[in-house]
Amino acid sequence: MAAAHIPTTTLPSGAKMPTFGLGTWRMGESARRRADEVAALRHGLDLGITLIDTAEMYGDGEAERIVADAVGTHRTEVFIVSKVLPENSSRRDTIAACERSLKRLQTDRIDLYLLHWRGSPPLSETLEAFQALMKAGKILHWGVSNFDLGEMEDIARVRGGDTCATNQVLYNLARRGIEFDLMPWCRERGIPIMAYSPIEQGRLLNHTTLREVAKRHEATPAQVALAWLTRQKGVITIPKAGSKAHVDEDLAALELGLTRDDLATLDRAFPPPKKAQALDML
Ligand SMILES: NC(=O)c1ccc[n+]([C@@H]2O[C@H](COP(=O)([O-])OP(=O)(O)OC[C@H]3O[C@@H](n4cnc5c(N)ncnc54)[C@H](OP(=O)(O)O)[C@@H]3O)[C@@H](O)[C@H]2O)c1
């Protein structure tokens with residue numbers, strides 16, 4: 001199969017990042033599934049899916065080792081995102097956590113390094129660590145995850161906080177709260193949103209409306225949920241697929257053009273927010 005054409009988005013630094021990639025949460029938790037997980041990510045790379053999202057938390061570090069096994073000698077083609085846990089986000093511990101991730105990932109740099117969610121260490125310390133890691137070339141960009149609007153405003157006030165590359169949040173058809181305020185705030189500043197759990201960890205698959213729209217296109221509900229995200233500018237989507245078949249199906253969502261009728265049907269079943277809502281998190 002020819003390499004897919006995956007659109008890119010521009011980060012505030014001017015660098016480009018793919019808008020579609022693969023997640024790795026729940027990978028590395030079962031020795032029995034390990035080979036399939038490596039094969040799924042490698043299959044994705046063979047198809048041109050060069051963005052991989054992982055975290056020190058996933059599989060207690062094992063997901064990062066799986067990423068290393070999948071990437072192998074293709075490191076230069078791949079955009080790796082990893083995350084530091086809030087309990088490790090003091091200045092010193094962030095740097096130590098990053099060094100451990102680099103070892104597990106068998107690489108000398110992480111393309112985008114995120115604070116997984118806000119913890120008790122001051123944001124200024126985490127940012128100092130991110131800046132030191134960038135200076136050393138160990139991370140190329142930094143960002144945050146699970147930050148609501150108030151937290152984004154807090155980080156923007158910290159010295160260097162205006163260089164935040166992304167906010168990775170729960171966003172899918174069933175979780176549209178961010179459209180009210182967080183998303184417009186990020187858009188205004190050119191900060192792309194990374195939409196995690198794009199198919200709500202599988203819970204969207206049996207939804208009647210998704211099935212109905214999928215049927216119109218001879219597609220699947222997963223593809224409709226993904227296409228609804230991939231059509232949006234400034235949104236990066238990272239489904240997790242543990243098998244080659246799911247990788248193929250998810251990637252094909254990029255080819256699915258939802259019509260205005262489809263979008264209206266989806267809006268009726270999953271109405272956009274009418275007022276501010278606290279950010280959901282999984
Ligand atoms: N920053 C954060 O706090 C945070 C939180 C959650 C997730 N994330 C990131 O976002 C990624 C994606 O989110 P997620 O893993 O929570 O949920 P998700 O991508 O919405 O759903 C993953 C589930 O959907 C299944 N699936 C994938 N493609 C499918 C298809 N075509 N047909 C049927 N089932 C399909 C997968 O099964 P198989 O495994 O069998 O393919 C898996 O059980 C994570 O892996 C992680 O990298 C970040």
Side-chain angles (χ1 to χ4, degrees), residues 18-30 32-41 43-44 47 49 51-59 61-64 66-67 70 79-86 89 101 105 110 112-119 142-148 151 165-175 178 192-207 210-211 214 219-230 235-256 279-282:
T19 55
F20 182 91
L22 293 173
T24 61
W25 193 18
R26 315 316 300 238
M27 287 193 179
E29 294 179 2
S30 148
R32 194 173 45 83
R33 288 200 308 265
R34 196 182 195 285
D36 286 344
E37 291 167 348
V38 173
L41 291 175
H43 181 62
L47 296 178
I49 309 176
L51 164 62
I52 301 181
D53 179 79
T54 189
E56 62 169 338
M57 184 186 100
Y58 303 161
E62 193 55 26
E64 290 182 323
I66 285 177
V67 172
F79 191 105
I80 296 178
V81 182
S82 193
K83 313 182 193 83
V84 57
L85 280 166
S89 67
S101 285
L105 287 162
I110 291 168
L112 174 57
Y113 197 45
L114 311 180
L115 172 59
H116 210 144
W117 62 91
R118 191 171 185 174
W142 69 272
V144 293
S145 177
N146 297 300
F147 268 44
D148 209 343
E151 295 167 319
T166 193
N167 185 12
Q168 183 178 119
V169 292
L170 177 60
Y171 182 47
N172 62 45
L173 271 166
R175 312 271 195 166
I178 67 164
I193 290 281
M194 286 186 80
Y196 75 67
S197 305
I199 53 173
E200 188 68 13
Q201 301 188 322
R203 289 183 292 275
L204 276 175
L205 298 174
N206 283 320
H207 196 283
L210 279 179
R211 293 166 76 109
T220 66
Q223 290 173 327
V224 174
L226 292 170
W228 180 81
L229 288 164
T230 56
V235 172
I236 297 155
T237 314
I238 44 165
K240 180 256 180 182
S243 66
K244 290 184 188 181
H246 282 169
V247 172
D248 288 339
E249 189 178 321
D250 294 354
L251 178 62
L254 288 172
E255 309 299 319
L256 173 58
L279 179 65
D280 287 330
M281 195 173 155
L282 285 182

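When a ligand or atom number is given, it counts from 1 through the structure's own listing order. Nothing fancy with the numbering, it's 1 onward along the sequence. All values derive from a computational prediction rather than experimental measurement.
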Leu256 side chain near Thr230 side chain, heavy-atom distance below 4.5 Å: no

Is it the case that Gln168 and Asp53 place a side-chain donor and acceptor less than 3.5 Å from each other? yes

Tabulated below should be the N or O atoms of ligand 1 paired with protein N or O atoms at under 3.5 Å; can you produce that?
{"from": "ligand 1", "atom 1": "1 (N)", "to": "Ser145", "atom 2": "OG", "distance (Å)": "2.8"}
{"from": "ligand 1", "atom 1": "1 (N)", "to": "Gln168", "atom 2": "OE1", "distance (Å)": "2.9"}
{"from": "ligand 1", "atom 1": "3 (O)", "to": "His116", "atom 2": "NE2", "distance (Å)": "3.3"}
{"from": "ligand 1", "atom 1": "3 (O)", "to": "Asn146", "atom 2": "ND2", "distance (Å)": "2.9"}
{"from": "ligand 1", "atom 1": "8 (N)", "to": "Tyr58", "atom 2": "OH", "distance (Å)": "3.4"}
{"from": "ligand 1", "atom 1": "13 (O)", "to": "Ser197", "atom 2": "N", "distance (Å)": "3.0"}
{"from": "ligand 1", "atom 1": "16 (O)", "to": "Ser197", "atom 2": "OG", "distance (Å)": "2.8"}
{"from": "ligand 1", "atom 1": "16 (O)", "to": "Gln201", "atom 2": "NE2", "distance (Å)": "2.8"}
{"from": "ligand 1", "atom 1": "19 (O)", "to": "Lys240", "atom 2": "N", "distance (Å)": "2.9"}
{"from": "ligand 1", "atom 1": "20 (O)", "to": "Pro198", "atom 2": "N", "distance (Å)": "3.3"}
{"from": "ligand 1", "atom 1": "20 (O)", "to": "Ile199", "atom 2": "N", "distance (Å)": "2.9"}
{"from": "ligand 1", "atom 1": "20 (O)", "to": "Glu200", "atom 2": "N", "distance (Å)": "3.3"}
{"from": "ligand 1", "atom 1": "20 (O)", "to": "Gln201", "atom 2": "N", "distance (Å)": "3.0"}
{"from": "ligand 1", "atom 1": "28 (N)", "to": "Asp250", "atom 2": "OD1", "distance (Å)": "3.3"}
{"from": "ligand 1", "atom 1": "28 (N)", "to": "Asp250", "atom 2": "OD2", "distance (Å)": "2.9"}
{"from": "ligand 1", "atom 1": "31 (N)", "to": "Glu249", "atom 2": "OE2", "distance (Å)": "3.2"}
{"from": "ligand 1", "atom 1": "31 (N)", "to": "Asp250", "atom 2": "OD1", "distance (Å)": "2.7"}
{"from": "ligand 1", "atom 1": "32 (N)", "to": "His246", "atom 2": "NE2", "distance (Å)": "3.4"}
{"from": "ligand 1", "atom 1": "39 (O)", "to": "Lys240", "atom 2": "NZ", "distance (Å)": "2.6"}
{"from": "ligand 1", "atom 1": "39 (O)", "to": "Gly242", "atom 2": "N", "distance (Å)": "3.2"}
{"from": "ligand 1", "atom 1": "41 (O)", "to": "Gly242", "atom 2": "N", "distance (Å)": "2.7"}
{"from": "ligand 1", "atom 1": "41 (O)", "to": "His246", "atom 2": "ND1", "distance (Å)": "2.6"}
{"from": "ligand 1", "atom 1": "45 (O)", "to": "Thr24", "atom 2": "N", "distance (Å)": "3.1"}
{"from": "ligand 1", "atom 1": "45 (O)", "to": "Trp25", "atom 2": "N", "distance (Å)": "2.8"}
{"from": "ligand 1", "atom 1": "47 (O)", "to": "Thr24", "atom 2": "N", "distance (Å)": "3.2"}
{"from": "ligand 1", "atom 1": "47 (O)", "to": "Asp53", "atom 2": "OD2", "distance (Å)": "2.6"}

Please determine, by modelled atom types, if Arg118 and Asn146 share a side-chain donor-acceptor pair under 3.5 angstrom. no

So, does Lys83 use its side chain to make a donor-acceptor pair with the main chain of Glu56 at under 3.5 Å? no

Which word best sums up how the rings of Tyr58 and His116 line up, parallel for under 30°, tilted for 30 to 60°, or perpendicular for over 60°? perpendicular

Taking Glu64 for its side chain and Thr54 for its backbone only, find out whether a donor-acceptor pair lies under 3.5 Å. no

